[in-house]
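Below: the structure, in structure tokens.
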Amino acid sequence: MAKTWTVHEARSENLVTADGFNQEYDALKSSLNGGVDRTMMPPEYFDRTHLKDGCFHNVSLSTDIQLNSSYAKGGGAEEFDGVVYEDYGGGQVETFKTTISGLKDGIAHVEFKCWYLLNMFTSGRGGSNELQGMHTVRWFITYNGSKVIESSKMAVQWGNPHLTADFPIFGGDAEIKILFSITPKLTDGSADDDDTTSMFFFGGGQFLFIPRWR
Amino acid sequence: MARIINSSFKSGTTIDNTDLNNKFADVTIATTTALNNENARQEAVDLQALDVTSTTSGMENLILKNHASHFNEATPTSGYADYDASIGPDPTITPINHGTGGASQTTGFVLAPDDLVRVHWMAWMDKIITQGGVAVGAGAINSGIGHIPPHYPVWVIWLQWQINTVWAAVPGQSDFDATFGTNKGALISDLQACVMVPHMELIWGVGAAPRGTWVSHRTLSNKGSWNYINDTGSSITVTGLRLVIDGVYHPLNDGTTSNENALVHENLGWTTSPQDNVVRLSAVQLQWLQMRSD
């Protein structure tokens, strides 16, 4: 819809005064000097050549995410270095952190994918009940301290988790973390998990963050 | 600059037609070249002002630049576990779906510098045939003897692309052609465009010793993905995408490769013929999204 003016136009044979002219002219001038709005823009006109980089969104990609080297032990001829119960007693472990600056209000899309290996040998070994002590791994992603993804417990030996979420964000900086937890050491029965066998490792991780501005 | 800069008439000033025309000429001079951000109000460009009429697929180059997909259900593909008792030749790679006939375009995908590409796939497993497992002795948690399968045997499905008629693993992914002692394989840092398909698992059973039992997985489906930002500074023309499969691999970290984890090809001769260990895929779907990264 074209702009309409609320200022009276000069009629034929009117005496034009400076104030009258200024009032009409300045209304036109102010519209062009920073007042052109969406009602005055031509439709279906702007393509990529008119738009600056980053006007709609941004992308942050982190690659080669794998288990922290500080946790990696117990490897061998047929095993990875990984989490051992000597160092892990349960709970969530932070395994990746990144800070992203220059964000604006909008919606963020996050994706994290990887593959993992979970030692399932003594999984379910809990006395006479095979379901006790099922070995599992679980994943978490936090955004500025708030949890945005919490996976279910995964109970396969080789897994390929793919986690996605979309949530609103405010402008500014953001700190994003990826965490995991695994079943703690079993202590029931004769086939206890030992302290030095590699129980869990993950690799091939990629974290994709696409914020789209409001 | 497209701003109109002039002063207003002062009350009591005598003006003529030239003075008035000059005011309007100021508008013409300022706006003869294209309007710019100095003319527009904040949030002045809304969705209706964007040119989204050039295509019907959403590939307007505003954010999305290209996309393609391919579904291959017609030809189940079987991958066989390689057996070679000699010091590792390169593993035999089996393509799962076709390249130029698959998720590609005749003129190829052109990845401009800083473009983001996102590839997603789903592979449906039809069956896995495994050599019979061997019971393990009591007491040891992870014992393996002789030619029984290694602790964590796994098939790997990974992504390749075709550039200048040559197929190769995509950036961040290996074709398992590095050497680790007597095995061929890859470091973990080179396994970013693949999924792992377990061949068999060794599970502690309930009952009298020996308790270890090998179990195999059938009819699994596997979802994989890969992301890449072209940081080479030059355009890359990709004429094909495909998935490939090979096995059986197993983990390794015996301290001989700078203490880095690796996945290596099994060549200890635990399979006596190609038919002993087979994975067959019934269908594969592959999708490609190409976006601006800003």
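Below, chains carry the letters A, B, ... as their sequence lines are ordered, and counting in each starts from 1. As the structure is a computational prediction, the values presented were derived from the model and not from experiment.
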* Structure fact -> Interface check, chain A: of B:K23, B:Q48, B:M291, B:K223, most non-hydrogen pairs under 4.5 Å belong to B:K23
* Asked: Is the closest side-chain donor-acceptor distance between A:D64 and A:Q66 under 3.5 Å?
  -> yes
* Residues of residues 8-15 of chain B near chain A, each having a heavy atom less than 4.5 Å away -> B:S8, B:F9, B:K10, B:S11
* Asked: Under 3.5 Å, is there a donor-acceptor pair between the side chain of B:N21 and the main chain of B:N17?
  -> yes
* To do: Flag the one option from B:D46, B:V264, B:D190 with the top tally of heavy-atom pairs under 4.5 Å to chain A.
  => B:D46
* Output field: ring centroids B:Y249/B:F176 closer than 6.0 Å -> yes
* A:Y45, A:F21, A:F80, A:F201: which one forms the most heavy-atom pairs within less than 4.5 Å of chain B? -> A:F80
* Asked: Is the distance between the ring centroids of B:H250 and B:H265 under 6.0 Å?
  -> no
* Can you tell me if B:N6 and B:D26 form a side-chain donor-acceptor pair at under 3.5 Å? -> yes
* If you count heavy-atom pairs under 4.5 Å with chain A, which of B:L191, B:N227, B:L116, B:L263 comes out on top? -> B:N227
* Structure fact -> By salt bridge (Lys or Arg N to Asp or Glu O under 4.0 Å), A:D53 pairs with (sequence neighbours left out) B:R292
* Asked: Atom OG in A:S60, atom CD1 in A:I210: separation rounded to 0.5 Å?
  -> 10.0 Å
* Structure fact -> Pair count under 4.5 Å, heavy atoms only, with chain A: among B:I63, B:N39, B:L20, highest is B:N39
* Top contributor to chain A contacts, counting heavy-atom pairs under 4.5 Å, from B:I229, B:V154, B:N61 -> B:V154
* **Ring-ring centroid check A:H162 A:F112, cutoff 6.0 Å** => no
